[in-house]
Structures are given as structure tokens and as C-alpha cells.
Amino acid sequence: MNLQGKAGIVTGAGRGIGRAVALLLAKEGASVVVNDPGFGRGGEATEEKPADAVVAEIQAFQGRASANYSSVADYAATGRMVAQCVDTYGKIDFVVNIAGMLRERMIWNMTEDDFDQVIAVHLKGNWNMCHHAIKVMRGARYGRIVNFSSDAFKGSVGQCNYAAAKAGIIGLTRSIAREAGRYGITANAMCPMAATRMTVNDGVIAGWKRRLERGLLTQAQYESRMAMPGPEFVAPMVAYLCTEESRDINGQLFHAERSMIHTYQFGEEARAIYKYDDGGMFSVNELIETVPASLMNGIPNVAPPDEQ
Ligand SMILES: NC(=O)c1ccc[n+]([C@@H]2O[C@H](COP(=O)([O-])OP(=O)(O)OC[C@H]3O[C@@H](n4cnc5c(N)ncnc54)[C@H](O)[C@@H]3O)[C@@H](O)[C@H]2O)c1
């Protein structure tokens with residue numbers, strides 16, 4: 001067991017990827033605060049208490065777990081969640097921020113509330129948890145943070161709120177890594193792919209069928225989406241990032257799914273143009289003339305205008 005004696009929190013652990021991560025961390029010997037208020041896919045309150053079921057599953061194999069029902073968007077409640085972990089298990093070694101929801105609309109239809117709620121749960125929620133936990137971890141000079149981003153950070157139609165939050169989580173994680181690394185704390189982020197209610201449900205499947213019929217998806221792409229692997233394939237990399245052995249992995253981003261884990265190359269200088277005369281100032285005319293054939297050579301418009 002690789003996490004014997006460790007303790008920490010998994011947010012959004014009542015379902016999907018969070019549940020799979022909480023179960024594996026507990027199987028690896030960790031004591032786990034299983035956080036989940038049981039929200040619906042759009043972040044709406046429900047009567048469900050999925051955290052209780054996950055705690056029961058962990059206790060069934062003699063693992064140690066306790067439930068927490070707070071929203072990660074609530075600053076004060078996340079402070080109490082960290083205190084619950086410390087009070088119950090005497091310490092907090094890891095926080096895995098998985099809680100999430102969606103409010104999908106094109107930007108021209110998206111309400112201010114759609115934007116604010118998604119930012120509150122994902123970006124602010126990650127910050128809330130990291131802020132409170134790292135205050136304690138810093139004193140212990142040890143900690144592991146695993147935040148959940150998404151490949152949506154690259155840009156995702158109908159999800160500009162979510163994509164912005166998930167891109168923000170990468171910047172948050174990389175900053176925390178630099179700030180807290182000297183105290184023995186690592187912070188890394190995951191971009192998972194797994195079949196959950198978030199990714200494979202009746203509405204999503206209907207959308208894929210429509211795109212297949214309109215020739216926007218190939219049969220192979222459609223079939224691979226329908227066969228999306230389960231969340232259990234994401235959990236081992238997360239558990240690894242919670243171990244002592246991952247001490248030198250800090251400020252990194254990983255994609256994980258069945259059969260593949262990969263890193264990303266981004267944020268590095270890729271192409272450049274230079275100007276040394278005229279005090280180093282490009283003119284707009286120069287940019288009109290040079291950018292298409294230099295910086296943007298071979299790079300297409302991601303969504304060109306429809307033919308009139
Ligand atoms: N499934 C994928 O392929 C995929 C891809 C990219 C990113 N992600 C990210 O992974 C994470 C988990 O997604 P999932 O697919 O397991 O979704 P899911 O809907 O199955 O599970 C999310 C859980 O988070 C909980 N939750 C929602 N709002 C919360 C809040 N304010 N506080 C605490 N808990 C809250 C929900 O109750 C739910 O149980 C999310 O952050 C999601 O954005 C998932």
C-alpha cells in the first residue's frame with residue numbers, strides 16, 4: 001500500500017472520477033474525507049447523498065473515510081472541511097480537487113449566473129481548497145495537491161465558462177507549485193477523459209448522433225466516444241501524484257484515460273518575429289504584411305466564417 005498513514009480530501013468524490021479516486025486512495029491505505037453535496041449535473045441541489053455511499057464502500061473493505069457535504073464554492077465551508085480532515089485524522093497530506101458541474105451555452109445565450117456558478121465551483125473552488133489546505137501543509141512542510149483541469153482549456157464550443165475556469169486552474173496550479181514547492185508541497189493538474197454522467201448521458205449521445213448524421217463526426221469517432229472508458233483508469237495517476245515518491249513532480253499537467261497518460265507542451269515560445277530598428281516598435285502595416293507568412297504560416301482559423 002502506497003499511501004499507508006496518509007490522510008486527505010477528495011472533493012466531488014460521490015460520483016464519477018472523484019469516487020474512483022477516493023476508492024483507490026483508500027485502497028492504497030489513505031484516510032479520506034469524501035466530499036460531495038450531491039449536486040445535479042448543472043450544480044443544482046438534490047436530495048442525493050452520494051458521499052455516504054462512497055464512505056460505506058470504503059468502510060466495507062476496512063478503509064477509513066468520513067463524509068463531508070459542503071460546496072467547494074463556499075469559502076468558509078472549505079476551511080471547515082480542511083479542519084474536519086485535521087481533527088479526524090490528525091493531519092492533511094493531500095487534497096484532490098475533482099468537484100465539478102456544467103452550464104453549457106453559446107456565449108451569446110449564456111447568463112451571468114451560468115458564468116459565475118461555473119467559475120465559483122471550478123476555479124474559486126480549487127482556490128478555496130488549496131488556500132485552506134496549504135496553510136496547514138506549509139506548517140507540516142509536506143503536501144500533495146492534485147487539481148482537475150480539462151482538455152477544454154484549449155477552447156470548447158458551448159463551454160466558454162468551463163474552458164476559462166479549467167484554463168485558470170492550470171495557471172493556479174502552476175503558481176501554487178512555484179510558491180509552495182519549497183515547503184515540500186507539490187501541485188499538479190489532471191485533464192481526464194472518462195465516461196461519467198458529465199460526459200456520456202442521453203443529451204450528449206443525442207448530440208453525437210446528430211453530428212454523425214450531418215457528417216461532422218466519422219463513424220469511428222462516434223464509436224470511440226460511445227465506448228469511452230470508465231473513471232477508474234484516471235485514478236492511478238492521481239494516486240501516484242499523492243504519494244511521497246512523486247516529490248519531484250511539481251507544476252505539471254497530465255492527461256489520463258484508459259491505456260494512455262500524456263504530458264502537454266505549451267506555454268513555450270514557438271515562433272517569433274523580431275524588430276530591432278525604429279526602437280523595436282512594429283507598425284500595424286508591417287504586421288499585416290509579415291504575420292500571415294511568419295507567425296501564422298500554416299495555422300488555420302479555428303472556425304472560419306460560413307460561406308455566404
Ligand atoms: N469525465 C471526463 O471525461 C472529464 C473530462 C475533463 C474534465 N473532467 C473534470 O473532472 C471532474 C469530475 O468530473 P466527472 O466526470 O466525474 O463528473 P460527475 O458529474 O460524475 O461528478 C462530479 C461530482 O462533483 C460534485 N459537485 C458538483 N458541484 C460541487 C460543489 N460545488 N462542491 C462539491 N462537489 C460538487 C457532484 O455532486 C458530482 O458528484 C470535474 O472537475 C470535471 O470538470 C471530467
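Start at 1 and go down the list; that is how both ligands and their atoms are numbered. Throughout, numbering of the chain's residues begins at 1 and tracks the sequence.
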Can you pull out the closest protein heavy atom to [atom]? Residue, atom name and distance to 0.1 Å, please.
{"atom": "atom 9 (C) of ligand 1", "value": "Tyr162 OH, 3.8 Å"}
{"atom": "atom 33 (C) of ligand 1", "value": "Pro37 CD, 3.2 Å"}
{"atom": "atom 3 (O) of ligand 1", "value": "Ala194 N, 2.9 Å"}
{"atom": "atom 14 (P) of ligand 1", "value": "Thr196 OG1, 3.6 Å"}
{"atom": "atom 10 (O) of ligand 1", "value": "Phe148 CD2, 3.6 Å"}
{"atom": "atom 37 (O) of ligand 1", "value": "Asp36 OD1, 2.6 Å"}
{"atom": "atom 11 (C) of ligand 1", "value": "Ile98 O, 3.0 Å"}

* **Donor-acceptor contact present, side-chain Asp93 to main-chain Gly143, <3.5 Å** =>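 No; zero donor-acceptor contacts below 3.5 Å.
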* **Main-chain N/O of Val32 paired with Lys6 side-chain donor or acceptor, under 3.5 Å** =>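 No, Lys6 side chain to Val32 backbone: no donor-acceptor pair under 3.5 Å.
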Compute the shortest N/O to N/O distance between [X] and ligand 1 and return yes if it is under 3.5 Å, no if not.
{"X": "Gly14", "value": "no"}
{"X": "Val72", "value": "yes"}
{"X": "Lys166", "value": "yes"}
{"X": "Asp151", "value": "no"}

Give the contacting part of [X] toward ligand 1: side chain, backbone, both or neither, where contact means a heavy-atom distance below 4.0 Å.
{"X": "Ser70", "value": "backbone"}
{"X": "His122", "value": "side chain"}
{"X": "Ile17", "value": "both"}

Can a salt bridge be assigned to the pair [X] and [Y] using a cut-off of 4.0 Å between side-chain N and carboxylate O?
{"X": "Arg41", "Y": "Glu104", "answer": "yes"}
{"X": "Asp36", "Y": "Lys49", "answer": "no"}
{"X": "Lys275", "Y": "Glu286", "answer": "yes"}

* Asked: Are Tyr162 and His122 near enough that their ring centres are under 6.0 Å apart?
  ->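 Centroid separation for Tyr162 and His122: below 6.0 Å.
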